[in-house]
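Quick notes on the structure that follows.
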Amino acid sequence: MAQLILIGAGVILGVILCFNGYKLFRLCLAVTGGILGYAGGTLVCNFIESQGTSLSELGKILITLIPAVLLAITAFALYMKALIGVTALFCAYFVYTDYGVLFPGVGLSKTILALIAGFIIGLVMGAVVYFAQKWTICFFTAFVGARVIALASANYIWNLFRGNPYALYIQDSLLGTRVTDTPALTACFIIVAFTAAGFVVQLKSSKKK
């Protein structure tokens with residue numbers, strides 16, 4: 001039940017950002033900053049525990065919550081000044097978590113390649129959004145909202161279909177057997193579908209003003 005509540009909350013948040021991001025762009029940046037802070041804190045926790053040090057629940061909460069709050073506040077306060085940096089970090093995290101397995105190499109080299117590729121893509125996207133404004137803001141916020149929806153629901157949806165041989169065949173055919181046990185393709189479908197829908201809806205709603 002708790003898992004479904006978290007999934008539902010994530011989907012609702014993602015839908016709000018996806019279809020109303022242009023109106024709530026500053027809030028969208030703050031949410032993205034909070035997500036990045038939480039993700040960074042989670043990586044720190046995982047690294048500490050991988051070194052053999054056990055963290056208490058309070059310690060994990062503090063390590064993930066403090067950077068999440070700080071980055072959310074910073075992104076909200078700086079607004080457009082924080083846009084390019086937030087976008088670059090978000091894309092680096094997105095590429096690393098969802099498609100890092102597709103990059104060559106092993107271990108740390110694979111991680112670094114994925115992060116660098118995502119960071120470069122994010123820099124380009126952030127610069128385009130910063131200078132082009134309206135339609136790119138609509139696209140960016142639709143993408144962030146879609147990513148939040150995928151983050152909340154992709155793993156759950158994939159687990160429902162992973163026993164289906166047709167679903168496995170489609171994912172193996174498109175992404176290869178290396179990513180059979182991940183929801184990468186499911187997340188991709190969710191992101192593409194909601195980004196497109198959110199982008200169209202936001203453009204239409206912004207023209208009415």
Side-chain angles (χ1 to χ4, degrees), residues 6 9-47 60-100 111-152 187 190-192 194-203 205-206 209:
L6 290 174
V11 169
I12 291 171
L13 175 61
V15 168
I16 292 173
L17 295 176
C18 185
F19 294 99
N20 296 279
Y22 184 70
K23 304 173 186 175
L24 304 171
F25 185 51
R26 194 164 193 164
L27 177 61
C28 183
L29 278 181
V31 171
T32 305
I35 292 172
L36 290 172
Y38 179 83
T42 300
L43 290 176
V44 170
C45 288
N46 292 338
F47 175 77
K60 291 180 182 179
I61 292 173
L62 291 176
I63 292 174
T64 54
L65 185 61
I66 291 175
V69 172
L70 289 177
L71 276 179
I73 293 174
T74 300
F76 186 84
L78 295 180
Y79 193 28
M80 293 300 289
K81 294 179 181 178
L83 173 62
I84 296 178
V86 169
T87 307
L89 291 174
F90 180 82
C91 286
Y93 171 72
F94 166 65
V95 172
Y96 164 68
T97 55
D98 282 19
Y99 303 102
T111 299
I112 292 175
L113 280 176
L115 289 174
I116 290 176
F119 192 80
I120 292 173
I121 293 171
L123 284 178
V124 174
M125 286 182 60
V128 171
V129 173
Y130 184 85
F131 291 106
Q133 299 287 317
K134 183 179 177 180
W135 70 269
T136 50
I137 288 177
C138 291
F139 177 81
F140 172 72
T141 53
F143 170 74
V144 171
R147 180 65 185 91
V148 172
I149 294 170
L151 184 66
I190 293 172
I191 290 169
V192 170
F194 276 95
T195 298
F199 180 58
V200 171
V201 169
Q202 287 196 58
L203 281 182
S205 63
S206 62
K209 291 186 174 183

Sequence neighbours left out, what pairs pass side-chain hydrogen bond (donor to acceptor under 3.5 Å, both in side chains) with at least one residue falling in residues 140-150?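 Every side-chain hydrogen bond (donor to acceptor under 3.5 Å, both in side chains) pair that includes a residue of residues 140-150, provided the two are not neighbours, is T97-R147, D98-R147, T141-Q202.
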Show me the donor-acceptor pairs within less than 3.5 Å that the side chains of residues 39-47 make with the rest of the protein, sequence neighbours left out.
residue, atom, partner, partner atom, Å
T42, OG1, Y38, O, 2.9
N46, ND2, T42, O, 3.3

Testing L17, V144, L24 one by one against V31 for a side-chain contact (heavy atoms from CB on, under 4.5 Å), which residue passes?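 That would be L17.
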Which heavy atom of [X] sits nearest a heavy atom of [Y], and at what distance?
| X | Y | value |
| --- | --- | --- |
| T195 | F143 | OG1-CA, 3.5 Å |
| C91 | G118 | CB-O, 3.2 Å |
| A150 | A187 | CB-O, 4.0 Å |
| A152 | V11 | CB-N, 4.0 Å |

What pairs with F199 under ring-ring contact (aromatic ring centres under 6.0 Å, His included), at least two apart in sequence or on another chain?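 Result, ring-ring contact (aromatic ring centres under 6.0 Å, His included) vs F199: F139.
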How would you list, by chain and number, every residue that makes a ring-ring contact (aromatic ring centres under 6.0 Å, His included) with Y96, sequence neighbours excluded?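 Per chain and number, Y96 pairs via ring-ring contact (aromatic ring centres under 6.0 Å, His included) with no residue.
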Residues in side chain to side chain contact (heavy atoms under 4.5 Å, CB included) contact with [X], at least two apart in sequence or another chain:
| X | answer |
| --- | --- |
| L89 | L36, F119 |
| I73 | V69 |
| F76 | R26, A30 |
| L78 | T74, K81, A82 |

Straight-line distance of [X] [atom1] to [Y] [atom2], nearest 0.5 Å:
| X | Y | atom1 | atom2 | value |
| --- | --- | --- | --- | --- |
| L62 | I66 | CG | CD1 | 5.0 Å |
| N20 | C138 | CG | SG | 10.5 Å |
| L27 | I16 | CG | CD1 | 8.5 Å |
| I149 | I12 | CD1 | CD1 | 10.5 Å |

For L115 and V95, run side-chain contact (heavy atoms from CB on, under 4.5 Å): C-alpha distance rounded to whole Å, both residues' side-chain angles, the deciding distance at 0.1 Å, then the answer. CA-CA 7 Å; L115 289 174; V95 172; over 6 Å; no
I'd like to check F94 versus I121 (side-chain heavy atoms, cut-off strictly below 4.5 Å). Are they in contact?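 They are not in contact (no side-chain heavy atoms under 4.5 Å apart), so the answer is no.
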